[in-house]
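Just so it is clear: chains get the letters A, B, ... in the order the sequence lines come, proteins before strands, and each one is counted from 1.
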Amino acid sequence: MTTTTRFAPSPTGFLHIGGARTALFNWLYARHTGGRFLLRIEDTDRKRSTPEATQAILEGLEWLEIDWDDEPVYQFSRMDRHAAVAQELLAAGHAYHCYCSPEELAEMRDAARQDGRTALYDGRWRDRDPGEAPEGVAPVVRLKAPQTGETVLDDKVQGAVTVANDQLDDMVLLRADGTPTYMLSVVVDDHDMDITHVIRGDDHLTNAFRQTQIYKALDWTPPEFAHIPLIHGQDGAKMSKRHGALGVDAYSDAGILPEAMRNYLLRLGWSHGDDEIISTSQATEWFDFGGIGKSPARFDMAKLESVNSHYLKEADDERLYELIASDLATHKNAPLTKEDQTRVVAGVEGLKPRAKTLLELATAAAIYVRPRPLSFDPKAEGLLDEEARHRLGEIAERLSKLGEWQVDILEKSIKAYAEDVGVKLGKVAQPLRAALTGTTVSPGIFDVMAVFGKEETIARLGDVAA
RNA sequence: GACCCCAUCGUCUAGUCAGGUCUAGGACGUCACCCUUUCAAGGUGAAAACACGGGUUCGAAUCCCGUUGGGGUCGCCA
């Protein structure tokens, strides 16, 4: 049987970091085994599900370059099937109608808390004569779960986990309005979709026991489960939409590359010896449950940025230009020209080691798109004193006589000038940088000159020369 | 509270399953130095951890028990 995994988000918000990692692990495992990776949108909560959220999740996955097989399954559309399964259970005597009122349930819950019990529902309709049903009350359908013995889960990550059945009450399968609950829907859908491995956050661990009971009642074979530890925020608590988790779009906006995000997320809870930088193809080859750790990890932006800076250095120049183009236009405060593009693409190599994110890259690259006459930041302005302006004039003079405009030749020429006037190179290079870029920070100044070319360089020097 | 899970540098982790090679390795971050036309990058080095207590054993980060700490779950949400 081919391996089939799935990612099953509920569309009640963006794709957050934890969901993204769950998706990644499922995807990696499917690709590792040559199996299939499916998507299921769990939109049965009509009040909280929105098409916008579905869209955001899909876009998040696309951004991460996590592709899924087949069309996404929308759980709500399978409601009739879920209800039919509940009827089967009813007919087989594995489920029953329960007519408890919300008040009764609340009382039971209070009583359970008081007694220190986990199971809430006391099973009062379990064996009761349906003839005793109150008038006009629509019943829910509950699973007739085993009351003794234990349910064992052989989890691929957590190992064997056992829970006494008396800790689990008879869960609701069908609501009073006839709609299926999550617990039923997941089981039916995972079964119908031939899911072989369920990889999800370990906040679902206890659900797995309940689901196992449903599988058993249905006489279906449960899938393998792998409950991965959660990602925690800096405070050590579960990250959720309500608690510190950002959508993947926030990381995209922050200038993180998708491949960096994948690499970082992969290392959060999974390891392969001391390997840190792991390409996706390598990850696909290596990924397995054995590498998944059992303890929760904290999200660390600094490490993400470090990984990101690595991938930034590897990234293609043209692609980088495309990614920062709109920010660049903002920095320039005007549309980008073909010349801007040429300069940025030529200059980006020297910019890469100076940026951890695309945002920083765009800021650094702005020197190549801001047009003359330049406005100078205060530090740059300070560098351009009378003496400096005079020297820049002399330098422009020398440069204009240069036949070839190449980094090594420029370097030789400027160094010769510094020597001729008897100053250290820095005394010349910094004003040069100021005049050319309007700032005090840039890649090597000879590289900058090469990117601008002879004409532009001399023009810029002319702008400030005295 | 009940149930379940977890526990190695500040953080991510290797090592744990098959005890000795671990005076515990790597990465991020931090600090110092080198390089240097600025800022980075890069190079070299440093500080930094087996939660605690009992066992078992010739020997325990590794196995067992307990304690403590952290987390998760307890819905007619998913």
Exercise for review: Can you spot which of A:Phe289, A:Phe225, A:Phe25 makes a side chain to side chain contact (heavy atoms under 4.5 Å, CB included) with A:His197?
Suggested key: A:Phe289

Check your understanding: Checking A:Arg142 against A:Tyr121: charged group under 6.0 Å from the ring centre and within 45 degrees of the axis?
Key -> yes

Check your understanding: For B:A60, what is the paired nucleotide under Watson-Crick or G-U wobble rules, both distances under 3.5 Å?
Key -> none

Check your understanding: Within a strict 4.5 Å, meaning less than it, do heavy atoms of the A:Ile324 and A:Val344 side chains meet?
Key -> yes

Check your understanding: What interatomic distance, in whole Å, is found between P of B:A60 and the corresponding atom of B:U11?
Key -> 27 Å

Review point. A:Ala160 or A:Leu230: which one's nearest nucleotide on RNA chain B is closer to the 5' end?
Key: A:Ala160

Exercise for review: Could you tell me the separation between the CG atom of A:Asp110 and the P atom of B:G75, rounded to a whole number of Å?
Suggested key: 11 Å

Exercise for review: Kindly say whether A:Thr12 contributes a backbone atom to a donor-acceptor pair with the side chain of A:Ser10 at under 3.5 angstrom?
Suggested key: no

Exercise for review: Verify the ring-centre separation between A:Trp125 and A:Tyr96: is it less than 6.0 angstrom?
Suggested key: no

**Study point:** Contact letters for nucleotides 34-49 of chain B, in which S counts primed atoms plus P, OP1 and OP2 and B counts the base, heavy atoms under 4.0 Å
**Key:** ---BBBBSS-------

Practice item. Assign a letter to each nucleotide of nucleotides 7-26 of chain B from its 5' end: B, base within under 4.0 Å of a protein heavy atom; S, sugar-phosphate only; -, no contact. Key: S---SBSS----------BB

Review point. Rounded to whole angstroms, how far apart are CD on A:Gln213 and P on B:C3?
Key: 17 Å

Exercise for review: Figure out the CZ/C1' separation between A:Arg210 and B:C4, and round it to whole Å.
Suggested key: 13 Å

Exercise for review: Considering just the side-chain nitrogens and oxygens of A:Arg109, establish if one lies under 4.0 Å of OP1 or OP2 belonging to B:G75.
Suggested key: yes

Review point. B:C4 C1' sits how many Å from A:His204 NE2, rounded?
Key: 15 Å

Revision key, fill the gap. Which of A:Lys412, A:Glu394, A:Arg398 passes side chain to side chain donor-acceptor pair (under 3.5 Å) with A:Tyr417? Answer is A:Glu394

Point to revise | Rounded interatomic separation in angstrom, taking CD1 from A:Ile278 and P from B:A27 | key: 14 Å

Review point. Using a cut-off of 4.0 Å on non-hydrogen atoms, how would the nucleic acid contact of A:Leu351 be classed: base, sugar-phosphate, or nothing?
Key: nothing

Practice item. With heavy atoms under 4.0 Å as the rule, sort A:Cys98 into base, sugar-phosphate or nothing. Key: nothing

Point to revise | Any N/O donor-acceptor pair, A:Asn207 side-chain to B:A78 base, under 3.5 Å | key: yes

Practice item. Examine A:Arg46 relative to A:Phe76 and say whether NZ or CZ is less than 6.0 Å from the centre of the six-membered ring and inside a 45° cone about the ring axis. Key: yes

Point to revise | A:Arg40 vs A:Asp190 side-chain heavy atoms within contact, under 4.5 Å | key: yes

**Study point:** Spacing of the P atoms in B:U36 and B:C31 (rounded, Å)
**Key:** 23 Å

Point to revise | Inter-nucleotide P distance (B:C17, B:C65), Å rounded | key: 15 Å

Check your understanding: How many Å lie between CG on A:Asp202 and P on B:U73, as a whole number?
Key -> 9 Å

Review point. Where the side chain of A:Leu205 is concerned, which of B:C5, B:G29, B:U73 is the nearest nucleotide?
Key: B:C5

Review point. So, A:Glu360 and A:Arg354, do they make that salt bridge, N to O below 4.0 Å?
Key: no

Practice item. Mind checking A:Thr162 for me? I need base, sugar-phosphate or nothing, with any heavy atom below 4.0 Å counting as a touch. Key: sugar-phosphate

**Study point:** C1' atoms of B:C28 and B:G72, separation to the nearest Å
**Key:** 27 Å

Point to revise | Base-pairing mate for B:G66 - Watson-Crick or G-U, with both contacts under 3.5 Å | key: B:C52

Review point. In whole Å, what is the span from the NE2 atom of A:His232 to the C1' atom of B:G70?
Key: 8 Å

Review point. Closest nucleotide of RNA chain B for A:Phe209 versus for A:Thr44: which of these residues is on the 5' side?
Key: A:Phe209

Practice item. Just compare B:C5, B:C76, B:G72 and give me whichever is closest to any side-chain atom of A:Gln158. Key: B:C5

Review point. Is there a Watson-Crick or G-U wobble partner for B:A27 with both distances under 3.5 Å, and which nucleotide is it?
Key: B:U11

Review point. Considering only the P atoms, how many Å lie between B:C34 and B:A40, rounded to the nearest integer?
Key: 16 Å

Check your understanding: Quick one: does A:Ile199's side chain get under 4.5 Å of A:Val157's, heavy atoms only?
Key -> no

Practice item. Sticking with atom P, work out how far B:U57 lies from B:A51, rounded to a whole angstrom. Key: 23 Å

Check your understanding: What nucleic acid atoms does A:Ala176 come within less than 4.0 Å of, heavy atoms only: base, sugar-phosphate, or nothing?
Key -> base

Check your understanding: Is there a Watson-Crick or G-U wobble partner for B:C74 with both distances under 3.5 Å, and if so, which one is it?
Key -> B:G1

Study note, to complete from the structure: Atom CE of A:Met183 and atom P of B:U73 are separated, to the nearest Å, by 12 Å

**Study point:** Same-atom distance (P) from B:U67 to B:A48, integer angstrom
**Key:** 33 Å

Practice item. Give one of base, sugar-phosphate or nothing for A:Val172, where a contact means two heavy atoms less than 4.0 Å apart. Key: sugar-phosphate

Check your understanding: Within the structure, does a side-chain N or O atom of A:Thr206 lie under 4.0 Å from either OP1 or OP2 of B:C74?
Key -> no

Check your understanding: Mind checking the C1' distance from B:C52 to B:U13? Whole angstroms is fine.
Key -> 23 Å

Point to revise | Any strand: nucleotide that pairs with B:U38 via Watson-Crick or wobble, under 3.5 Å | key: none

Study note, to complete from the structure: Minimal heavy-atom distance between A:Tyr264 and A:Arg298, with the atoms involved, is OH-O, 3.9 Å

Point to revise | Spacing of A:Leu392 atom CG and A:Glu387 atom CD [to the nearest 0.5 Å] | key: 10.5 Å

